[in-house]
Amino acid sequence: MSTTATALCAPLAVLGHDVRVPLATGEKVGYAALDYAASAPALQRVWDDVAAYAPYYGSVHRGAGYLSQLSTDLFEQSRRTVADFLDLREGDQVVFTRATTDSLNLLAGALPVGTRVYAFETEHHASLLPWRHAGLTVEYLRAPRSHAEAVAALDAALAADSAPGPRLLCVTGASNVTGELWPIAELTATAHRHGARVVLDAAQLAPHHRLSVRELDVDWVAFSGHKLYAPFGAGVLAGRSDWLDAAEPYLAGGGASRTVAREADGSVAVEWHTGPARHEAGSPNVIGAYAIASACRALTEAGFDVLEARERALVERLTAGLAAIPEVKVLNLFGEGSARVGVLSFVVRGWNSSHFSAALSAEYGIGVRDGLFCAHPLVRTLLGGEEAAPSECGAPEPSLPGERSLNAIRVSFGAGTPEEHVERFLAAVRTLVTDGARWTYRSEGGRCVADTGERAA
């Protein structure tokens, strides 16, 4: 079957479905992109929409010319499209940022002084680290092993915190390591019962599941365009406006300021905007915002019921296939059979994960990810401190003192993934486990690469 034909098996067309990549042998094969959790390929629809707009690109806001007015309308319509996609409440706002990390750092800077932040140690670093601001305190909760344990741990932590002042829970919707879904509605209800607010890291949830801020009742949601099939470096922070409007602007500059005037003493007086403009200083990334809006429309029109059903079937095929290989250990936080999006991490007995991932690429044209996935505490918990097998190639992530190599392999997919890519991946894993790698590998620039001059014995 041709690459073009297999691409038709995916519900949404993506760029790169017909890209061919070189193997260690020198031959080329169709690339199996199975690293969607890092950056999903751009939807063809998104690319076409951006290309159609590109000749009309102009400055956003305040320009009198036609292209500026058109670009401003497009930018603000994109904001409304994202609000509809997220099912925001009346009064909620959409702020365009650079990515999820940028969104959460923006919110961290907007928190009232004295806010106590709660986060599980299982979070991505983008959700773990922004809260280390002056005037804030953060409590990291231990990794739960079930939904009920997560809710109980939050309930106990908030109940034990009797000090006055604002509190915030930051929690992921779907793990970037295991893909497992978190009990967001239950955690939010618990937080609100104790008077705490909630920000949802939806970087891995939004591309895979319908997301309703109104139904989940979270206070804010953050996600990235590049994981939602939309390139050009934009992200979203959406939700309640009160803390954002009360905070100093995230960036000081044009667009965020309503008026600027010299004072008699020589200083400069500034009146800042309220609403999204307050935190969108500078020339907005109109193409990035439009790309996100285009992706939101495409996913909505495709129907999340259809997309989720297909993804569940692929997840079941993947987990069943890996379970049939005794040497493979799939990493789970909530236990086997827990609901997950199309993200899964595993280790292979007798293999260093970097070595195994390099062999998938060099010998089969399959792109996955290895390492600790910017979620070091979680991966260490899931691996229990167990070191990877020694190899001529080590883990690219830095290890703690005493750790020789601690890393895992992550495979991830989405609405642009043909079924054939999952089947090819499973076949490659089985062959590598049974027959070993066909080439020797060496470390180069911190990565494991095939030594194309030497086949394995």
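Quick caveat: nothing in here was measured; it's all calculated off a predicted structure.
Between the side chains of Asp92 and Ser241, no donor-acceptor pair is found at a separation under 3.5 Å. Side chains of Glu180 and Ser338: a donor on one and an acceptor on the other come within 3.5 Å. Under the 3.5 Å distance criterion, with hydrogens and angles disregarded, no donor-acceptor pair is assigned to the side chains of Ser353 and Asp370. With hydrogens and angles left out, the side-chain atoms of Thr274 and Asp245 include no donor and acceptor closer than 3.5 Å. Side chain to side chain, Tyr250 and Asp102 meet the donor-acceptor criterion of an N or O pair below 3.5 Å.
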Apply the test salt bridge (charged side-chain N to carboxylate O under 4.0 Å, His left out) to residues Arg310 and Glu419: give CA-CA distance (whole Å), side-chain angles for both, the deciding distance (0.1 Å), then the verdict.
CA-CA 10 Å; Arg310 176 181 184 270; Glu419 287 86 343; 3.4 Å; yes
Working for salt bridge (charged side-chain N to carboxylate O under 4.0 Å, His left out), residues Arg430 and Asp435:
CA-CA 8 Å; Arg430 287 191 294 266; Asp435 301 335; over 6 Å; no
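A salt bridge does not link Glu308 with Arg210: none of the charged nitrogens is closer than 4.0 Å to a carboxylate oxygen. A salt bridge links Glu423 to Arg317: at least one charged side-chain nitrogen sits closer than 4.0 Å to a carboxylate oxygen. With respect to Arg45 and Asp49, a salt bridge is recorded, a charged nitrogen being found less than 4.0 Å from a carboxylate O.
Under the 3.5 Å distance criterion, the side-chain polar atoms of Thr319 are matched with a main-chain donor or acceptor of Glu316. A donor-acceptor pair under 3.5 Å is formed between the side chain of Thr417 and the backbone N or O of Gly414.
Summarising the local packing, CZ of Arg142 is surrounded by 12 or fewer heavy atoms from other residues, nucleotides or ligands at distances under 6.0 Å. Heavy-atom neighbours of Arg297 CZ from other residues, nucleotides or ligands within 6.0 Å: above the threshold of 12. Counting non-hydrogen atoms of neighbouring residues, nucleotides and ligands closer than 6.0 angstrom, the CD atom of Glu336 reaches no more than 12 such neighbours.
Looking at Val433 and Phe356, their side chains come closer than 4.5 Å, going by heavy atoms from C-beta outward.
Cation-pi geometry between Arg116 and Trp131 is not met: the NZ or CZ atom fails to fall both under 6.0 Å from the ring centre and inside 45° of the normal.
Ring centroids of His61 and Phe75 are separated by less than 6.0 Å, placing the two rings close together.
Screening residues 145-158 for side-chain hydrogen bond (donor to acceptor under 3.5 Å, both in side chains), with sequence neighbours left out, gives Asp155-Arg193, Asp155-His194.
Not a single salt bridge (charged side-chain N to carboxylate O under 4.0 Å, His left out) links Arg340 to another residue, sequence neighbours left out.
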Please tabulate, one pair per line, all N/O donor-acceptor pairs under 3.5 Å involving side-chain atoms of residues 217-225, not counting sequence neighbours.
{"from": "Asp217", "atom 1": "OD2", "to": "His192", "atom 2": "ND1", "distance (Å)": "3.2"}
{"from": "Asp219", "atom 1": "OD1", "to": "Arg240", "atom 2": "NH1", "distance (Å)": "3.0"}
{"from": "Asp219", "atom 1": "OD2", "to": "His192", "atom 2": "NE2", "distance (Å)": "2.9"}
{"from": "Asp219", "atom 1": "OD2", "to": "Val198", "atom 2": "N", "distance (Å)": "2.7"}
{"from": "Trp220", "atom 1": "NE1", "to": "Arg240", "atom 2": "O", "distance (Å)": "2.8"}
{"from": "Ser224", "atom 1": "OG", "to": "Thr100", "atom 2": "N", "distance (Å)": "2.7"}
{"from": "Ser224", "atom 1": "OG", "to": "Thr100", "atom 2": "OG1", "distance (Å)": "2.5"}

